[in-house]
Structure formats: structure tokens, C-alpha cells
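Each chain gets a letter, A, B and so on, in the order the sequences are listed, and its residues count up from 1.
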Amino acid sequence: MKKERTYMEQVHRWGTVWNLSMMALLLAFPIALALIFRAFPDINGLWRGLLATAPMYWAVGVIETFTYIPMLGAGGSYLSFVTGNISNLKLPCALNALEQAKVKANSEEGEVVSTIAIAVSSIVTTLIILLGVILIAPLTPILESPVLTPAFDQMIPALFGGLGVVFVSRNWKIAVAPVALMLILFIAVPALNAGTVGIMVPVSVVFTLIVSRIMYKKNLL
Amino acid sequence: MEFSVNHPILFGLAGLIVAAVLAQSIFFLIKAWKRGVALGMDRGKLRSIAVTAGIFTVAPAVAIVISVIALSKKLGIALPWLRLSVVGSLSYEAIAAENTSLAMGLKGSATPDASQFVTIALVMTLSIMVGIWLVPVICKRLQKGMGKLEQRDKKWADVFQSAMFIGMISAFVGFVFCDVSQAFTGNFKGLIPVCVMAVSAIVMAICGLLAGKFKKIHWIADYALPVSLVAGMASAVPFTAWLS
């Protein structure tokens, strides 16, 4: 008799099919352009461009994938790694939804809640970008106005202020060491800035896990 | 066919891929919703989670539109639309485009020809693809590992999960303070993100206190994150005028 798949097994199956199909579609874009316009890539430019860009982003991509999957859940991971903007949108959205539903991330309810939040967020993002593209001419002077620019420049602090107060206050014992370390590093090392914060996320996560493990073993949590 | 960075064919191809992304999101939304209902989760709660996620997304999504506008000056509208709807982010896309443009001798705001455009699109696509194929490779195994951890020691599994979230948040809290030391040289711009974060945190705390104290407005807790986000962003306008 054929064994029925669990929901989680189905999520992995659907996710694999969707993500590999999306990968093929994404690659098809430049290839189709090359064929339609009979414009083949500049091999030297391609090689040098890849050499300057890919190694860092591949390394960061691998580390980010290992770091974010346990936080996003399965469905949320398959979706988020296609739609992007994980740390500044999808993950905070999922965290807020888990908090709102009062369910644990590692439960099946948590899996459902985080997938719903990330899916809705992806749909809304896609539609707003589409609207922005359609209305790009009238929107450009408004969105680039000196009045609004500072607000959008400060989106990350505004996001993590709210999110931080919830999670840090609830887990303050866990938070003391990583917050202190990150403050010291970001203030003292000039190379750490907006461009490198993505690299520091896995560093901070690993450090927090080590400190938490030590505290847990010593019954401090 | 003569190429232009805003050729209708580019929009057609980008539109197809964006439609596929939309379809994937809708597919997962329906499947998760059905599973939630099958697990006995309250439909009203699921609806409120979806509504909050939608409202919370508006401001960050508008920020992504601003990124599309920024990139469109050199690359046209279709490619930035595609790249920022699928995987990308402004910082990554701008670096990938700039590195490739420089490698081909395309300087400043000069518009690429068809071959240069294809090269830029290829570099952007190939460099950011890791997550898309790596998730299917490792996700199941990682989830299994998390499951085993939970079976072995449930309390540690909960601490582990919280530690991951806190680790991520700590990195961004640190980042907010990255320019504060400039205040010692008379440049107070670095204090703007700190003030914005403080406003957002205070608004979030007030929402939490109100929701806890007055049961009639308990719903405010559901919208506390979008409210604190918008309040923080709005406060950036006077703080920037004051500290710049």
C-alpha cells in the first residue's frame, strides 16, 4: 500500500519543485534576451563580473541558508529564498506572526503560521512593486522627495526597535552577551556597516547559541 | 530587433517570472491555510495573522520600490523590477551591476547595450542563486535535525530557537549603533538611527502595555509592530532635520 505523505513531507516536495522551477525560469531570462536580441554576453565582462561578485555572495548565501532555515520553517524557507528580503522583511514578519499566534516556531502550528505570514508578505510585496513599476513616473518625485527619504533610510532601525523590545525583554538573559558583543564590534570596527551586517548575522547567531548552551548547562536559563 | 533597456519584451519576460513568484506564494498560502484549519487553528486568528503580515509589509515594500527607482536610472525598469521581486536586494543588485559594468568599461550612468545588459543580468542572476537551490538540498535534513534535538531535550530546543532569533536581532541592534562614535567628532548623523530605534521601541512597549492593561483594545497588540515601524520611520524626518 502506498504510504501517505505527511504535511511536512509534502512541503519539502512542493518546495523542491517550485524552487528548482524558479531557478530555471530565472536563468531563462538572460538566455532568452541573448537569443531574442542576438546579443551574446561579453565573456570577459561576465568572468570578471562573476569573480568580483559571486564568491562573496555564494559564501554569504550558504551561511545565510543554514542560519535562516531553522528560523523560517520549511514552507517559509522555500518561499523566502525565492522572494528575497529575508532579514529586513520576511523573517521579522514571521517572528511577529509567531508572537501574535502564541505558537512555537518548531511546532507544526508554527510552521503554518510562519508560512502564511511569509506568503502574504511576498504577495503584498510583489503587488506593491508592480504598482510602483506601473506608476513609476508620478511616484519617483514623491518617493525621492527630501521629506520622505529620511523615513525610508531609517527603516531597519524602526523595524528592529519594535521587534527588539519584544524579543530582548522576553529573553533578556540570552540577549545580554550578543547585544553587548555586537554593540562593541559595530562601534569599534569601522568596516562594520550596512554592507556587512548580513555577514554579522550568522556570527551573532553562532555566538548566541554558544553562550546560551553554556548558560543552559549551568542552569542559568 | 533593436534593444533598449525598457523594451516591451523585457517587461513581458520579467512579468512572466514575477507571475510565477506570485503563484508560488499563493500556492503555499493556500496549502498552509488548509493545514492550519485541519489542525484546528482558529480561522479568525489565521485571518488576523494574514492581515497583520500584509499591513506590516507595506512600508518595507515601498522602500523596495525606491530601490527599483534607484536601479532603473541605469538598467531601465524591467530588470530592477524582476531582480527586486525575486531574491534580490538593493545593496546586492547595485554591487553586482556595478562590478560587471566596470569590468566591461561601462562607467557612470551610461546605458548598457544588449550584450552588456545580458552580461549584467547573468552576473546578477548567477551570483544570488545559492539560496534557491540550497534550500531544497538541506532544508529537510536541517528540519529533521531540529526535530531530533526537540525529542532529545525539549527545553534546550526552545532555548536554541530563541537564541537564533536573539542572535539575528542583536546583529541589527549593533548595526544601528555603527556610526555613533562620529558624534565625538561633531557629526551627529550617526545618532539618527539610534533615536529612531528608541522611538520604535517605546511605541512598541506602549502598545504592549495598553493591550495588557485594557482588554477592550487587546487587538492593538496584533498591529503593534506595523505601528511601531511607521512611528519610528516618521520620527526619522524631524531627527534627520535636527541632527544632520
So, [X] side chain and [Y] main chain: donor-acceptor pair closer than 3.5 Å or not?
X	Y	value
Thr57(B)	Thr125(A)	no
Gln161(B)	Pro70(A)	yes
Ser115(B)	Phe40(A)	yes
Lys155(B)	Leu221(A)	yes
Lys45(B)	Gln100(A)	yes

Contacting region of [X] [heavy-atom separation from chain A under 4.5 Å]:
X	value
Gln143(B)	side chain
Leu142(B)	side chain
Leu82(B)	side chain
Val21(B)	both
Ser48(B)	both
Val58(B)	both
Ser85(B)	both
Arg141(B)	neither
Ala23(B)	both

Write down the atom of [X], the atom of [Y], and the distance for their closest heavy-atom approach.
X	Y	answer
Thr83(A)	Ser25(B)	CG2-OG, 4.3 Å
Val112(A)	Ala32(B)	CG1-O, 3.2 Å
Ala158(A)	Leu229(B)	CB-O, 3.5 Å

> Does the side chain to side chain contact (heavy atoms under 4.5 Å, CB included) test come out yes or no for Leu126(B) and Leu27(A), once each step is laid out?
Replying inline: CA-CA 8 Å; Leu126(B) 289 171; Leu27(A) 279 171; 3.6 Å; yes
Are the side chains of [Y] and [X] in contact, using a 4.5 Å heavy-atom criterion?
X	Y	answer
Arg47(B)	Ile116(A)	no
Leu209(A)	Met164(B)	yes
Val133(A)	Phe11(B)	yes
Asn88(A)	Phe172(B)	no
Phe177(B)	Phe186(A)	no
Phe175(B)	Met182(A)	no
Cys178(B)	Leu192(A)	no
Val166(A)	Met204(B)	yes

Quick check for you: to the nearest 0.5 Å, what is the distance between [X] atom [atom1] and [Y] atom [atom2]?
X	Y	atom1	atom2	result
Met8(A)	Lys144(B)	CE	NZ	11.5 Å
Ser67(B)	Asn85(A)	OG	CG	8.0 Å
Leu39(B)	Glu108(A)	CG	CD	5.0 Å
Leu72(A)	Cys139(B)	CG	SG	9.0 Å

> Is there a side chain to side chain contact (heavy atoms under 4.5 Å, CB included) between Leu13(B) and Ile36(A) once you walk through the steps?
Replying inline: CA-CA 11 Å; Leu13(B) 291 172; Ile36(A) 292 167; 4.2 Å; yes
>> Run Lys104(A) and Lys154(B) through side chain to side chain contact (heavy atoms under 4.5 Å, CB included) and show every step you take.
In response: CA-CA 12 Å; Lys104(A) 286 181 180 170; Lys154(B) 195 167 175 355; 3.7 Å; yes
> Where does the angle between the aromatic ring planes of Phe37(A) and Phe3(B) fall among parallel (under 30°), tilted (30 to 60°) and perpendicular (over 60°)?
Replying inline: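 If you compare the ring of Phe37(A) with that of Phe3(B), the planes turn out perpendicular.
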>> Is the ring pair Tyr78(A)/Phe28(B) parallel, tilted or perpendicular, if the boundaries are 30 and 60 degrees?
In response: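 Taking Phe28(B) first and then Tyr78(A), their aromatic rings lie parallel (interplane angle under 30°).
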> Between Ala221(B), Ser235(B), Ala53(B), Gly167(B), which shows the greatest number of heavy-atom pairs under 4.5 Å with chain A?
Replying inline: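 Most heavy-atom pairs under 4.5 Å with chain A: Gly167(B).
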